[in-house]
Amino acid sequence: MEIDKAITECDDRRLKTKYSNAIYVIQRTLALYSIEEVAFSFNGGKDSTVLLHLLRAGYFLHKGEKSCSNGDVKDFPIRTIYFESPSAFPEINSFTYDTATTYGLQLDIIRSDFKSGLEALLNAKPIKAIFLGVRMGDPTAVGQEQFSPSSLGWPPFMRVNPILDWSYRDVWAFLLTCKVPYCSLYDQGYTSIGSIYDTVPNALLCINNSSGSKEVFRPAYLLSDGRLERAGRVKKLPSSVSGHNPAVINGLDNMDLHNRSLLTASAIAVGDEILFGTVEDQIGPSLCRKLHSFGWLVSQTAVVRNDIDSVAEEVERRQSTDDMVFIYGGVGPLHSDVTTAGVAKAFGVRLAPDEEFEEYLRHLIGDQCTGDRNEMALLPEGITELLHHEKLIVPLIKCKNVIILTATNALELDEEWNCLIELMTSDDVLLMMQSFVSKHLTTNLTDVEIARPLSKLCLEFPDLYIGCHRKSRKEPLVLYFKGKDQDRIESAVEALNKKFCPGAFVEINSS
């Protein structure tokens with residue numbers, strides 16, 4: 001029940017809903033078919049790994065906690081089908097067999113072509129339904145529903161798709177929340193794994209490597225745009241034949257994607273006064289603009305209460321998904337200053353006196369308020385780095401990928417930011433990415449007229465951010481295109497203009 005417990009105790013409402021719906025489909029299937037009549041298709045990938053653990057939880061809940069109380073982690077009687085291919089990654093095979101051992105999977109291994117092997121298996125076993133880790137967007141998902149009979153020409157069985165409506169984000173939210181093992185390739189930048197002949201690491205996750213010897217990739221769960229999950233699926237020829245064969249996706253090759261790779265950041269404001277509407281947050285919008293000017297993508301801004309648990313939960317969530325987290329507010333000696341304690345709790349460490357930081361405080365406040373001074377010198381133990389700059393009265397506090405800002409307004413943020421930029425080159429706190437470029441258009445077309453063509457345009461140009469807004473209901477609609485390649489933006493604007501009559505859109509100043 002560790003899976004059900006992890007989901008029940010998390011605060012991700014979307015994930016809870018997806019989980020409940022998937023469990024319902026699984027329990028419904030187990031009610032319709034006997035355990036001998038169902039099977040599970042496992043391929044070692046992230047989607048089927050999610051499905052495995054959903055099935056474990058679903059089977060337990062179906063049988064009832066009482067009747068399974070004497071079971072262990074290997075209580076998984078559902079027959080598991082694995083297609084062992086000579087073109088599979090060795091890591092996939094290793095993960096599959098390790099998983100089978102860990103959870104007691106009854107593997108039926110198919111070494112012929114999948115269709116013939118499946119037909120032979122279904123002739124030998126009374127299997128009537130097969131659980132599949134198919135999601136919308138997969139090439140095989142077209143026309144499928146949660147319960148779909150097999151296609152014409154295939155042996156007859158019911159395809160059961162519990163995670164059909166799950167997104168890339170949902171899959172990783174589940175795996176990380178439940179803390180279950182997954183194939184090591186996903187930590188090497190692979191986001192969608194096929195065979196060794198058509199899969200490379202996703203170039204969007206590539207990190208500029210200063211040594212230039214070998215490309216380094218961030219983990220798959222840090223891909224900010226799930227629509228580009230399959231950007232690493234390419235047709236590869238042996239190196240002896242093709243030399244270098246770059247990936248191509250939607251008009252972009254791997255080198256293009258590498259140049260457009262994004263680093264993501266989030267901003268967390270701590271303060272009841274913001275939530276009460278007593279004061280207006282000046283730092284968040286300014287911080288977003290500064291990060292944007294550096295070519296970083298801000299994935300989320302949040303405001304949390306002056307409460308240690310609230311701070312800890314938000315920091316824990318963001319630090320695991322973003323490259324950098326900035327947190328501000330709640331720093332000082334007052335009872336409401338809980339930021340450092342919340343950061344410590346997020347990383348599972350205690351607050352401990354930092355002699356170096358205490359020395360800075362001693363110069364700042366002298367011998368006044370000894371107790372408060374010592375309290376302020378308590379920092380997360382073992383993970384704190386002090387970022388020194390001659391223009392700062394006290395150094396910036398960095399805890400792994402979390403930076404604690406002491407600024408209380410936009411002017412103070414400017415000072416801290418400028419110091420951080422100077423520190424960047426020596427300490428690699430921030431990396432200067434390719435800057436964003438943008439173009440703004442205005443139109444008198446109605447939302448209804450533009451909605452469908454604009455949605456299609458977003459699919460045609462997944463590397464761009466295409467949005468729209470109105471200053472008021474009576475004013476024209478403003479469209480904006482943002483990306484890291486001016487030519488791509490021009491192509492998107494041209495494609496949009498072709499969908500409407502000439503003159504439907506007018507370019508305006510982006511400021």
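Quick note: numbers below take in every heavy atom, side chains included, and nothing from hydrogens, waters or symmetry partners.
Checking side-chain atoms of Glu385 against main-chain N and O of Ile397 turns up no donor-acceptor pair under 3.5 Å. Tyr328 places a side-chain N or O within donor-acceptor distance of the main-chain N or O of Gly284, the cut-off being under 3.5 Å. A donor-acceptor pair under 3.5 Å is absent between the side-chain atoms of Lys484 and the main chain of Val437, judged by distance alone. No donor-acceptor pair under 3.5 Å is formed between the side chain of Lys345 and the backbone N or O of Glu316. Remark: the backbone N or O of Ile196 is not paired with any side-chain donor or acceptor of Thr199 at under 3.5 angstrom. At distances below 3.5 Å, at least one donor-acceptor pair connects side-chain atoms of Asp337 with backbone N or O atoms of Leu334. Side chain of Asn202 to main chain of Tyr190: no donor-acceptor pair is present (N/O by atom type, distance under 3.5 Å, no hydrogens or angles). In this structure, the side chain of Asp272 engages the main chain of Asn306 through a donor-acceptor pair within 3.5 Å. Looking at Arg135, its side chain never comes within 3.5 Å of a backbone N or O of Leu164 through a donor-acceptor pair. Formation of a donor-acceptor pair under 3.5 Å by the Ser167 side chain with backbone atoms of Asp170 is found in this model.
When all heavy atoms of Ala492 and Leu457 are compared, the closest pair comes out as O-CD1, 3.8 Å. Closest approach of Ile23 to Leu54, counting heavy atoms only: CD1-O, 3.6 Å. Heavy-atom minimum distance, Ala407 versus Glu416: N-OE2, 3.1 Å. Nearest approach of Thr321 to Leu222, heavy atoms of both residues: O-CD2, 2.7 Å.
For the residue pair His389 / Glu422, a side-chain donor-acceptor distance below 3.5 Å is found, with atom types taken as modelled. Ser148 and Glu145 are not linked by any side-chain donor-acceptor pair at a separation below 3.5 angstrom, with hydrogens and angles left out of the test. A donor atom on one side chain and an acceptor atom on the other are found under 3.5 Å apart for Gln144 and Asn161. Between the side chains of Tyr182 and Asp187, a donor-acceptor pair is found at a separation under 3.5 Å. Counted by atom type alone, Arg159 and Ser151 present one or more donor-acceptor pairs between their side chains at under 3.5 Å. With hydrogens and angles left out, the side-chain atoms of Ser299 and Arg318 include a donor and acceptor closer than 3.5 Å.
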Working for salt bridge (charged side-chain N to carboxylate O under 4.0 Å, His left out), residues Glu460 and Lys499
CA-CA 13 Å; Glu460 294 170 19; Lys499 298 178 186 291; 3.2 Å; yes

Check the pair Ile466 / Tyr480 against side-chain contact (heavy atoms from CB on, under 4.5 Å), numbers first and verdict last.
CA-CA 6 Å; Ile466 304 174; Tyr480 62 86; over 6 Å; no

If you apply the rule salt bridge (charged side-chain N to carboxylate O under 4.0 Å, His left out), what do you find for Glu415 with Lys391, and how did you get there?
CA-CA 8 Å; Glu415 295 177 3; Lys391 293 182 180 179; over 6 Å; no

Given the rule in the side-chain contact (heavy atoms from CB on, under 4.5 Å) test, do Cys178 and Ile7 qualify, once you have shown the distances and angles that lead to the verdict?
CA-CA 7 Å; Cys178 296; Ile7 300 298; 3.7 Å; yes

For Lys16 and Asp11, run salt bridge (charged side-chain N to carboxylate O under 4.0 Å, His left out): C-alpha distance rounded to whole Å, both residues' side-chain angles, the deciding distance at 0.1 Å, then the answer.
CA-CA 8 Å; Lys16 286 183 175 180; Asp11 58 0; over 6 Å; no

For a side-chain contact (heavy atoms from CB on, under 4.5 Å) check, start with the C-alpha distance between Asn401 and Asp323, then their side-chain angles and the critical distance, and finish with the verdict.
CA-CA 7 Å; Asn401 63 336; Asp323 298 285; 6.0 Å; no

Let's go through Ile404 and Thr339 carefully: what are the C-alpha distance in whole Å and the side-chain angles of both, what is the deciding distance for side-chain contact (heavy atoms from CB on, under 4.5 Å) to 0.1 Å, and is it a yes or a no?
CA-CA 8 Å; Ile404 301 174; Thr339 295; 4.2 Å; yes

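Between Ser192 atom OG and Tyr168 atom OH the span is 8.5 Å, to the nearest 0.5 Å. Between the CG atom in Leu263 and the CD1 atom in Ile207 there is a gap of 7.5 Å [rounded to 0.5 Å]. Here the straight-line distance linking atom CG of Leu387 with atom SG of Cys419 works out to 10.5 Å at 0.5 Å rounding. Atom CG of Asp198 is separated from atom CZ of Arg230 by 8.5 Å, given to the nearest 0.5 angstrom. If you take OG on Ser266 and CG on Asp322, they are separated by 4.0 Å, rounding to the nearest 0.5 Å. Here Thr264 contributes atom OG1 and Leu297 contributes atom CG; the two are 6.5 Å apart, rounded to the nearest 0.5 Å.
Among the candidates Lys439, Lys482, Glu494, the single residue satisfying the side-chain contact (heavy atoms from CB on, under 4.5 Å) test with Ile489 is Lys439. Of the options Gln300, Arg305, Gln319, a side-chain hydrogen bond (donor to acceptor under 3.5 Å, both in side chains) to Glu314 is made by Gln300 and by none of the others.
A salt bridge between Lys290 and Asp414 is present, with a side-chain N of the basic residue lying under 4.0 Å from a carboxylate O of the acidic one. Salt bridge annotation for Arg169-Glu229: absent, with no cationic side-chain nitrogen under 4.0 angstrom from a carboxylate oxygen.
The cationic atom of Lys18 (NZ for Lys, CZ for Arg) does not lie both less than 6.0 Å from the six-membered ring centre of Phe174 and within 45° of the ring axis.
The aromatic ring centroids of Phe481 and Phe461 lie 6.0 Å or more from each other. The ring of Phe500 has its center closer than 6.0 angstrom to the ring center of Phe505.
Annotation for Lys456: atom NZ does not count as buried by contact number, only 12 or fewer foreign heavy atoms lying within 6.0 Å. For Lys400, the NZ atom counts as loosely surrounded, since its 6.0 Å shell holds 12 or fewer non-hydrogen atoms of other residues, nucleotides or ligands.
For the pair Val311 and Ile327, the minimum side-chain heavy-atom distance is below 4.5 Å.
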